Amino acid sequence: MQKVPFVTGYLTEHFGDDDYATLAGYRRRGGYEAARKALTEMSAEQIVELVKNAGLQGRGGAGFVTGLKWSFMPKGNDKPKYLVCNADESEPGSFKDRLLLERGPHQIIEGILIAAKATGAEKTFVYIRGEYAHPADVLERAIEECRAAGILGAKCLGSDLAHDVIVTRGAGAYICGEETGLLESLEGKKGQPRKKPPFPAQFGAFGMPTTVNNVETFSHAPHIVKNGAAWFRGFGTEKSPGATVFGVSGLVQRPGLYELPLGTRLDEIVFQHAGGPLPGRKVKGVIPGGMSMPILPVSQLDVPMASEFLRERKTLLGTGGVMVLDDTVCMVRVGCVITYFFRDESCGQCTQCREGTGWLNKIMQRIERGAGSLADLDILLDVAGKMEGQTICAFADAAAWPVQGLLRHFREDFEAHITHGKCPFPQSFEL
Ligand SMILES: Cc1cc2nc3c(=O)[nH]c(=O)nc-3n(C[C@H](O)[C@H](O)[C@H](O)COP(=O)(O)O)c2cc1C
Ligand code: SF4
């Protein structure tokens, strides 16, 4: 098995054991006991209350309160209800869901069963990015084991709940991670986000009431049912309870996955767990939550990794994908890479997004070539400002924020290109 450095907590405790991804291995460690309790001893309302009290927030990027989301599903059985497990993991810098799928597939299925009881859903669609062929195979094997053992099917774990899980593979588009783009793609259409309202709880997959949750969000549920809300709140901060799996990448000694409580300081993650910068280098800036989250300079890494603290520094937790950049890196080139990605991935429905992402990339490249002017910096901020909060989905905001962050903290890199008429960072990565 491939070795990935990681610090373990309750989610990843057994991820080093080769048999944990099998049904027998999972059950040997108490697996499916929480689902049995939820399915046979608890009402849907009790599960929703428990998860609400635990304060679990979705780990797919937006941080919505999970118990509250589950409570939005309509009651009654006049229409079939669905769950969607979002395994698109399309945010650059995020790779935690891959590990959870490869090493803990039964933990996800157990979380899905608990959510199914809470919402009354009869089926779950797992939407997984096409590039994750191996994780998809691992999950499909685990689902087959569950069907054969009666954990999934007409009477899940011997209870009244009927539930099945179906894996659908995507084709690798960032926008299919956005929940309504995902739903369109799941239905076999172009992955273009839907206007909201109606929200998925009213009109979701195939027009039916649907709840979409991230892979990691489901993975927390068995631990909450097993150990209780107070236990869960023993990790993390008051407003952001629990742990999460931080994915650290970039120019550090030990890139990898680190399960740590929310609220762990960013400098602890970068310098202690990930071993700090490469020999002879200094950290210049860190993107804290996947590529769409605004960068922080090295002087601001003393921040607890929880949304309420990151927001004070004009950034967010996102998916916890920590990307470390050192003093060789040209921040204008970083801007070129980021804006190229968003230009390429925009679905094109909204003018502000389709045109804005193109212009951000065009101007960024002009500055990188040494052909920019100081007025270009104002234009970048003007375009980014006009993309925020104007569009069908949050993609346009996600494209604007990193540009604003780079200019907020690394304006001198941009000005140096303009003054020197070329890139002043000869050691930086090539475009
Ligand atoms: C452009 C864009 C891309 C997204 N990509 C993902 C993704 O890859 N995986 C994911 O779980 N959520 C992604 N989301 C968030 C989802 O829309 C949705 O909020 C999430 O799946 C809900 O799950 P949660 O409540 O458990 O976090 C994305 C959102 C946007 C705007
Ligand atoms: S914001 Fe961008 S990605 Fe989202 S719907 Fe509009 S054009 Fe498509």
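Small disclaimer: the values here were computed from a predicted structure and weren't measured. Whatever order the structure lists them in is the order used to number ligands and atoms, beginning at 1.
Residue Thr217 approaches ligand 1 through these ligand atoms, each under 4.0 Å from one of its heavy atoms: 24 (P), 26 (O).
No donor-acceptor pair under 3.5 Å is formed between the side chain of Glu13 and the backbone N or O of Thr8.
Among Asn214, Val65, Asp88, the residue whose heavy atom lies nearest to atom 11 (O) of ligand 1 is Asn214. In the candidate list Glu179, Glu89, Arg59, Arg129, Glu179 is nearest to atom 18 (C) of ligand 1, counting heavy atoms. Considering only non-hydrogen atoms, atom 1 (S) of ligand 2 lies nearest to Thr391 out of Thr180, Thr391, Thr357. Of the options Ser94, Ala398, Gly177, the smallest heavy-atom separation from atom 7 (C) of ligand 1 is shown by Gly177.
Among the atoms of Cys347, no N, O or S atom is found under 2.8 Å from atom 4 (Fe) of ligand 2.
In this structure, the protein non-hydrogen atom closest to atom 22 (C) of ligand 1 is Lys69 NZ, 3.3 Å. Closest to atom 20 (C) of ligand 1 among all protein heavy atoms lies Asn86 ND2, 4.1 Å.
Look at Gln349 and you'll find a heavy atom under 4.0 Å from some atom of ligand 2. Within the 4.0 Å heavy-atom shell around ligand 1 one finds Tyr174.
Using a 4.5 Å heavy-atom threshold, the side chains of Tyr10 and His220 count as touching.
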